[in-house]
Structure formats: structure tokens, C-alpha cells
Amino acid sequence: MTNEEICAYVKVAAKNTGITSENVERLLDEMTYLMDLYTGSEIITKMHKIAGGENHEA
């Protein structure tokens, strides 16, 4: 899946759930930054650490 496709899913899901446009744009900016910074496996590892309470910094 491309970054553009992921962003499209986020925008549609946000609209469907009532998330404000400003918050959607902030989220997309951060997601784009993270996609450029981490590989898929690195970001999944980071997510598991956050979910497990090991690291609250994203």
C-alpha cells in the first residue's frame, strides 16, 4: 500500500467518524513523517512497545 493510499483511508475514516479536519491533517503529517523515518517492521515494533506500556514516546 502506498503512502497516498494510506492517507486516503485515514481521511475517509476520519470523515466517517467525525474527526476534525485539523486533527486529520496533523495526523497525516505525523504519519507521513513516520513512514519516511521507519521501516514497516520498525514501526510495528514501536507500536507493540507503546501498546505494552514500554515506551510512551512515539
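- Through direct or indirect side-chain contacts shorter than 4.5 Å among Ile, Leu, Val, Met, Phe, Trp and Tyr, V12 is connected to no other residue.
- One hydrophobic cluster holds both I43 and L37 under the rule that ILVMFWY side chains link at heavy-atom gaps under 4.5 Å.
- Listed by first and then second residue, the salt bridge (charged side-chain N to carboxylate O under 4.0 Å, His left out) pairs that reach into residues 10-26 are K11-E25, sequence neighbours excluded.
- Among residues two or more places apart in sequence or in another chain, the side-chain contact (heavy atoms from CB on, under 4.5 Å) test is passed with T45 by K49.
- When the side-chain contact (heavy atoms from CB on, under 4.5 Å) test is applied to D29, no partner is found at least two apart in sequence or on another chain.
- For I19, the side-chain contact (heavy atoms from CB on, under 4.5 Å) partners two or more places apart in sequence, or in a different chain, are A14, T17, N23, V24.
- Y9 and L27 fall within the same hydrophobic cluster, where Ile, Leu, Val, Met, Phe, Trp and Tyr residues are linked whenever their side-chain heavy atoms come under 4.5 Å apart, directly or through other members.
- Under the side-chain contact (heavy atoms from CB on, under 4.5 Å) criterion, E4 pairs with T2, not counting sequence neighbours.
- Scanning all heavy atoms of the two residues, the minimum distance from I6 to M1 falls at CG1-SD, 3.4 Å.
- Atom CG of L28 is separated from atom CG of N3 by 10.5 Å, given to the nearest 0.5 angstrom.
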